[in-house]
Structures are given as structure tokens and as C-alpha cells.
Amino acid sequence: FEYDDITGRWRALLAIDLETKPGTYRLSVVRSAGAAPTERSLRITSRPFRVRHLRVAPEFVDPPEAVIEQIRRDAERLAEVYARRTPRQWSNAFVQPVEGPASSNFGTRSYYNGERRSPHAGVDFAAKTGTPVRASNAGTIVLTAPLYFTGNTVAIDHGASLFSIFAHLSEITVAEGDAVGPDTTVGLVGATGRVTAAHLHWSVRLDGARVDPLSLIETSKRW
């Protein structure tokens, strides 16, 4: 949330989670500590998402009992990452971490062997194993770890409660605590974790909400 000297207006990124129900919500804006809030109405409309039905091996639907504890620990680690509150580090427009069109869209609803799973909370890019993955914008590396679902995973804190997650990497080329820029290579595309082919999964969290990375790119162009 900041003041734009050129336009003379305040501006902010507002996150709306992909499963927010359509309707009218009250938006309260506080420009500075102690100031009276400005109240506005915010209307959320529905967005159509793709639905796909897949037949896969049973182990891709229900994880074995032996890995449940790992899955719990992974979720706790990610929750700790998303709970961080640091000053804004990113600037200018975000860029795609790899070249080429998305191969799997944000928000896709999937049914595996007839069972509904969580919606796709990121964007996938089909790319060959070993393709460099760049950081998309400035930030600090806050997680580099092999996780059960997402394989070799890198998390970047861009500041102001904005985070990028890069998943299924064949190799991680940064360490926790590293400062990165939009062209820093953070890893290489791979097929680690619960996947059937090499690709990059990029997801974004803003104030805890799951948002479309491609919409962040377009929105940040106007920032």
C-alpha cells in the first residue's frame, strides 16, 4: 500500500483467494496508523475454471500412510513461510520464471479416479529437465527443501506478504537467506515430487490468498 507521486493516488495489491464466494464485501482501507478507515464495497464475481477428469495410479490419489507425517511437516513449514511479515522488496513488473505459454491453468478443478481434489493453486509450464528457472522479481529465499507433493521446492519472500513458490525442480541453485533479483536462476526444471513429467509449477500467495501468477504479471505492469 503506497502513494503514487505521479498520479497523486494511493495504490495497493488486493488478494482474492480462488475459492472466495461471489458477492459484495466491505473493504476497509487505513492509509496510516491512527487514521480513520475509508469504507468501500467490493463486488466479487464468479470466474469459470476448467474441470478435468483423470485416471491415474492409486498412489497419485491417496498417499501411503508412511508419508503422512512428512506431509504434515511440509505443511507446517509452508505455513511458517506464509506467516512472515517483511518490508516490500519487489519492484516493477513480475516476469515469467521460464519462457513459453502455460500448460496447465490456475484454478483448474481436477477429479482423480472420480474423486475431487483441491483446485490447482498455481500455473504449470511445460519445459525440459534442466531448463533454468528465474526468480520473477526481487526477494529473499526463505525455503529450499524437498517436499513430498512439490519435490525440490524454492520459496521466495518478495516482501509485503507476497510469496512465490517454484516446485518440482531437478536442482536448487540458491540457499536460504540469499537475496535474488528477477533474473536470478533459483533452480532447474525437473520432475521431482508427485508428478508424471517434467514441468515447472509456479504458485503465488498474497496475504495468505492463492492468486493467479499470470494475473500478478499483468497487474504489476501497471504498478
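Sequential numbering from 1 along the given sequence is applied to the chain's residues. Keep in mind that what you see is a predicted model, and the values were worked out from it rather than measured.
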Ignoring hydrogens and angles, state whether a donor on the side chain of His158 or Ser164 is under 3.5 Å from an acceptor on the partner side chain. yes
Give me the atom names and distance for the closest heavy-atom approach of Leu42 to Leu14. CD2-CD2, 3.4 Å
Would you say Ser41's side chain and Arg26's backbone share a donor-acceptor pair under 3.5 angstrom? no
Determine whether a donor-acceptor pair (N or O, by modelled atom type, separation under 3.5 Å) exists between the side chain of Thr192 and the backbone of Ser170. no
Does a side-chain heavy-atom distance below 4.5 Å link Phe149 with His201? no
Give me the atom names and distance for the closest heavy-atom approach of Ser203 to Ala121. CB-O, 3.4 Å
Does the pair Lys221/Glu218 count as a salt bridge with the N-to-O cut at 4.0 Å? yes
Applying the side-chain contact (heavy atoms from CB on, under 4.5 Å) test to Leu214, which of Thr219, Asn105, Val123 qualifies? Val123
Quick one: do Arg77 and Glu80 make a salt bridge, cutoff under 4.0 Å? no
I would like to know whether Thr184 and Asp178 meet side-chain contact (heavy atoms from CB on, under 4.5 Å); could you show each step before the answer? CA-CA 10 Å; Thr184 302; Asp178 285 355; over 6 Å; no
Gln89 side chain vs Ala138 backbone, donor-acceptor pair below 3.5 Å: no
Applying the 4.5 Å side-chain criterion to the ILVMFWY set and letting contacts propagate, would Ile217 and Trp90 be lumped into a single cluster? yes
Might you work through the side-chain contact (heavy atoms from CB on, under 4.5 Å) test for Phe166 and Ser136, ending with a clear yes or no? CA-CA 10 Å; Phe166 301 105; Ser136 295; 3.9 Å; yes
With the 4.5 Å side-chain cut-off for hydrophobic clustering, are Leu13 and Val204 part of the same group? yes
side-chain contact (heavy atoms from CB on, under 4.5 Å) for Asp74 and Thr150? Distances and angles first, verdict last. CA-CA 10 Å; Asp74 291 349; Thr150 54; over 6 Å; no
Report the distance from atom CG of Asp207 to atom OG of Ser161, rounding to the nearest 0.5 Å. 4.5 Å
Look at the aromatic rings of His168 and His199 and report parallel, tilted or perpendicular, splitting at 30° and 60°. tilted
Does a sphere of radius 6.0 Å around CD in Glu65 hold more than 12 heavy atoms from other residues, nucleotides or ligands, not counting ones at 6.0 Å or beyond? no
Looking at every non-hydrogen atom in both residues, tell me the closest pair between Val211 and Ala15 and how far apart they are. CG1-CB, 4.0 Å
Is there a donor-acceptor contact under 3.5 Å from the side chain of Arg210 to the main chain of Gly122? no
Which heavy-atom pair separates Pro37 from Ser28 by the least distance, and what is that distance? CB-OG, 3.2 Å
Which residues end up grouped with Leu78 if you chain together Ile, Leu, Val, Met, Phe, Trp and Tyr wherever their side-chain heavy atoms are less than 4.5 Å apart? Val81, Tyr82, Val142, Leu143, Leu147, Phe163, Ile165
Polar side-chain atom of Thr131 near backbone of Thr129 as donor-acceptor pair, under 3.5 Å: no
Transitive ILVMFWY side-chain link Leu206 to Leu18, under 4.5 Å: yes
Taking all non-hydrogen atoms of both residues, which atom of Phe94 and which atom of Ser220 are closest, and how far apart? N-OG, 2.9 Å
At their closest point, which heavy atom of Val180 faces which heavy atom of Ala135, and how far apart are they? CG2-CB, 3.8 Å
Just do the side-chain contact (heavy atoms from CB on, under 4.5 Å) check on Ile141 and Ile156 with the steps written out, would you? CA-CA 5 Å; Ile141 303 298; Ile156 302 176; 3.7 Å; yes
Does Asp157 use its side chain to pair, donor to acceptor, with the backbone of Gly139 at less than 3.5 Å? no
Is Leu188 reachable from Leu169 through a run of I, L, V, M, F, W or Y residues, each pair having side-chain heavy atoms under 4.5 Å apart? no
Is Arg85 atom CZ crowded by more than 12 heavy atoms from other residues, nucleotides or ligands, each under 6.0 Å away? yes
Under 3.5 Å donor-acceptor, Thr144 side chain and Ala175 backbone: no
Is it the case that over 12 heavy atoms from other parts of the model lie below 6.0 angstrom from the CG atom of Asn92? no
